[in-house]
Q: 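If you scroll down you'll find the structure; I have some questions about it.
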Amino acid sequence: MGKGFFISKTLGIVGIVLAAGALSTIIALSVVYSQEKSKNNQNEVAGTTSVPTTKPSNEPWDKWRLPQTLSPQTYNVSLWPRLQPDPAGLYIFTGMSSVVFKCVHETDLILIHSNKLNMTKQPTLTALGSHPAPTIALIVMHTKTQYMAIHLKNKLTAGESYKLYTEFVGELADDLGGFYRSEYYENGVKKVVATTQMQATDARKAFPCFDEPAMKAVFHITLLHDPATIALSNGVMLDEVNDTVDGTFVTRTTFAPTEVMSTYLLAFIVSDFGFIEQNIGKLQIRIFARQEAIKAGQGQYALNVTGPILKFFEKYYNVSYPPPKSDQIALPDFSAGAMENWGLIAYRETALLYDEEISSTGNKERIVIVIAHELAHQWFGNLVTLRWWNDLWLNEGFASYVEYLGAHEAEPDWNIKDLIVLNDVHRVFAIDALASSHPLSSKEEEIQTPGQISEVFDSISYSKGASVLRMLSDFLTETVFTQGLQTYLDHFKFNNTVYTDLWEHLQKAVDNTGTRLPKTVQEIMDRWVLQMGFPVVTINTATGEITQEHFLLDPESKPNRPSEFNYEWFVPISWKKKEAEQPLHWLLQKTEQSNDMKISGDEWILANINVTGYYRVNYDTENWQRLLNVLQTSRESIPVINRAQLIDDAFNLAKAGMIETTLALNTTVFLASETEYMPWESALDNLYYFYLMFDRTEVYGPMQTYVGKQVKNLFDHFTSLTNWVDVPPGHTDQYNQVNALRVACSTGLENCTTLVKTWFKQWMDNPTVNPIKANLRSAVYCSAIAAGGEQEWDFAWQQFENATVASEKDKLRAAMTCATEPWLLNRYLKYTLDPSKIRKQDATSTIISIASNVVGQSLAWNFVRANWEYIFNQYGGGLFSFSGLINGVTKRFSTPFELQQLRQFRDDYAHIGFGSGTLAIQQSIERTQANIKWVEKNQQAVLDWFNNNNNNQL
Ligand SMILES: *[C@@H]1O[C@H](CO)[C@@H](O)[C@H](O)[C@H]1NC(C)=O
Ligand SMILES: *[C@@H]1O[C@H](CO)[C@@H](O)[C@H](O)[C@H]1NC(C)=O
Ligand SMILES: *[C@@H]1O[C@H](CO)[C@@H](O)[C@H](O)[C@H]1NC(C)=O
Ligand SMILES: *[C@@H]1O[C@H](CO)[C@@H](O)[C@H](O)[C@H]1NC(C)=O
Ligand SMILES: [Zn+2]
């Protein structure tokens, strides 16, 4: 899946999919009906991960994993979604499916996944071999484990094949999971799209299937639909005929059989969308979206970049693009960022559609990154698939790494590969430094229920996975890395793997090329994969001693699990002595002595060049001072990524109590003359924590003065470069221009606030012409709405409702959370639970964004608590990220009173549960405790530092 939690700067964390809701009935079809004991009456919630509520049962239908008795070969699935509600107001789909499976071990039980489907006919079983098929004795629907259990009077014969035929009806709900519906208005007319999101466990909501990633098969798909609509699926269209079925005139579209593939990669879509296309050699590339969006040219950018990215990956993997066509489609309602369905990739609109006038550079970057991510999966993930969800990190981490390589191919001038450091490495460091983090790899038996499977789609899997693979590719060299990757893909195509299969192929490449490594690939990687967290490497340049220790943000916390490697790693240390790059140093012990790293005079040492390693670096105070000095006097001798790193490491080391907080603040002093984006962004990310902790205290004023003073030069730089009319030429310069405006305005720089107010007023005076430059809109809207009142807010709401470009809608939606009048924010909070105002897919991120506003913080927290039961029940099914929500609304918590409230919340709603937010509650408590300690310890020193700094300079 694409980054569900991709962070657009203003919106905070957007959700991870949560598994489907509560359940308890049995539906039996057969003559004999057997009540399934008392356990079905329990009110159990899927998505909670621990607490077994029933006694362990040994019955196969009470286990979450399929028995290895049957192996599916081919499916023939025909589905008919109704885009008009039935007389009872229900949107439904009907279907027929037959699956041919081979019996591997004899059994008298067919267990097949089926969730929320009502059988409309008695299923039938036919034998394809010489033995007759046994008679069906009984059929039981197990709603908790989501199986249809077909009990047979006799056994199936090993080695023989059988065909199971079913007819069924399901609801085409607006729940963003399985076969679901998305709605939108075009020219005042309501339109309905039938679409799918199968990953991870919702193919079983569309038709009965063996819904595990290793149960690969060939799928023959047919869709019935209104002749005025088009049908899409993974395969190319084979045939289209008109027919009358049950008195309705329909088109029957048949698709070519798919490759051998997993169920979670299937897609079925019926819409009246438009498309644009391009052929690259024999390959047809199409972009689908709402007709209005296609007419406006919003698909063009995606079409432009897809070809080059596909070609790049063909080369990178040395395997030609597997499916015969590449369709990509933008959906108005979509829970994740995107989904890599084989040959038919689905996206949120903001991840695919680009409007040259209206969208920003950030929107554009997101599109090219997400497209590259999904295209990367077409091989890694789709052609070769991990056997089970416990190895998801390899699939998602890999795509999250190579997405930068693919995007670089499409936009070679952007230096986009550098940005992985800010967007993934730094971001996940913050989470992986908690004692409650978890290792990349989980045991297969720990990941069983749909809820547990949803939980592995987290930033550890995506961003840590990406960071660690980038490190691996770097120390192996890209040549060796791709060589191993290519033989791995070739060997396992159309098959399944465990992550160590990749290590084996990389090892072969290491051996073949004679690459020198201090340990085997597996030995090195085990330490990064099997234990959570990462090391901080401390280099004492006075003695040449290098040591590593597990980096924990709260120095008093203890990791919540033991490690067989004692929290030690094999660390590849790239480093520079002054200007000179040095040979890679492998730190293989807890402590080592390196005379090379012992220095004197005006020398200095910098380690982890370009942050290719997944670790932090600390130095003796003297070397820190020398580095600070270089930053002040000749910062160009430190690579720009490391300028960002020094800030990020210093702030986090200070948080962990390893260096003084004032030293961290000192790393921001050079920014007064810095114009590069990465160091600025790193500083602003870190100062954001200071804002969260102090924006309700006396520190706030002096901090604003300091930040305002630092940004002044940057603001002037962009004023003279662009006069706020031109677009800066460099990609990241465009981002830093936004930073300059945002920070200057939020610290009250008058030139800035005047500018912003004027623009917004011009727009309000003439709403049909928006004079604000696309890149600056988020910052300008937010600033103007913060400074304004009801009139500005209502104007923004009007524009939000009228906007036809999804990214523009998102900017307005985020900006409206910047309001400073509590009643406006409270009203907005209410809107988030009304899907006719705020789409369900956007509810969490809007609430979190309101909580990020210092005025909205307590309002959002009260709102979430007051409505927990409603949120949990109404929004719990398939789309709502409880973990993002809980982390988001509590991130400012830093007082004992808030800690008390958080615990109270945990206890008050224990009976309802927290779904995918169970772990988040614990993390929030841990974070609040750490914040309380940090504020107590640092507030005075920070206040003094800002005061001194504000007085000293000039
Ligand atoms: C399936 O059956 C249940 C129970 O009879 C019913 O409530 C539900 O509406 C049915 N679903 C569909 C799509 O017909
Ligand atoms: C099916 O019917 C529609 C509407 O009458 C028509 O436009 C279309 O050409 C027909 N398709 C085929 C394959 O006959
Ligand atoms: C797509 O490519 C064409 C041809 O190179 C170019 O003219 C156009 O501006 C591009 N469109 C976008 C949105 O990048
Ligand atoms: C898939 O891989 C396994 C071993 O990992 C092998 O036994 C099996 O034959 C392979 N299947 C196919 C279809 O290649
Ligand atoms: Zn993905």
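Read the numbers this way: they start at 1 and go in the same order the structure lists the ligands and their atoms. All heavy atoms count here, side chains included; hydrogens, waters and symmetry mates do not.
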Q: Report, in ascending order of atom number, the atoms of ligand 1 lying under 4.0 Å from any heavy atom of Glu171.
A: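 Per the distance check, 13 (C).
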Q: Is Asp211 reaching over with its side chain to a backbone N or O of Arg204, donor-acceptor style, under 3.5 angstrom?
A: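 Side chain of Asp211 to backbone of Arg204, a donor-acceptor pair under 3.5 Å: yes, one is there.
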Q: One pair per line, please: each N/O atom of ligand 4 matched with every protein N/O atom under 3.5 Å away, atom names first, then the distance to 0.1 Å.
A:
unit_1, atom_1, unit_2, atom_2, d
ligand 4, 2 (O), Asn495, ND2, 2.4
ligand 4, 11 (N), Asn495, ND2, 2.7
ligand 4, 14 (O), Asn495, ND2, 3.2

Q: Taking both backbone and side-chain atoms of Asn118, is any N or O found less than 3.5 Å from an N or O belonging to ligand 1?
A: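 The answer is yes, given that Asn118 and ligand 1 share an N or O pair closer than 3.5 Å.
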Q: For the pair Phe207 and Phe268, name the ring-plane relationship: parallel under 30°, tilted 30 to 60°, perpendicular over 60°.
A: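 It falls in the tilted class, 30° to 60°.
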Q: Taking 4.0 angstrom as the limit and counting only heavy atoms of Glu240, give me the atoms of ligand 2 inside it, by number and element.
A: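 Going through ligand 2 atom by atom, the ones under 4.0 Å from Glu240 are 13 (C).
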Q: How far apart are the closest heavy atoms of Gln507 and Val521, and which atoms are they?
A: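 Looking at all heavy atoms of both residues, the closest pair is OE1-N, 2.7 Å.
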Q: Any side-chain donor paired with an acceptor under 3.5 Å for Thr385 and Lys216?
A: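 Result is yes, a qualifying pair exists.
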Q: Go through ligand 2 atom by atom and flag the ones less than 4.0 Å from a non-hydrogen atom of Asn242.
A: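 Within the 4.0 Å cut-off of Asn242, ligand 2 contributes 1 (C), 2 (O), 3 (C), 8 (C), 10 (C), 11 (N), 12 (C), 14 (O).
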Q: Parallel, tilted or perpendicular for Phe275 and Phe288, by the 30°/60° rule?
A: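 Plane angle between 30° and 60°, so tilted.
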Q: Determine, step by step, whether Tyr317 and Val402 satisfy the side chain to side chain contact (heavy atoms under 4.5 Å, CB included) criterion, reporting the C-alpha distance in whole Å, the side-chain angles of both residues, the deciding distance to 0.1 Å, and the verdict.
A: CA-CA 11 Å; Tyr317 293 130; Val402 301; 4.2 Å; yes
Q: Where do Glu183 and Arg181 come nearest, in terms of heavy atoms and distance?
A: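 Looks like OE2-NE, 2.7 Å.
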Q: Can you tell me if Glu396 and His377 form a side-chain donor-acceptor pair at under 3.5 Å?
A: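 Side-chain D/A pair, Glu396 to His377: present.
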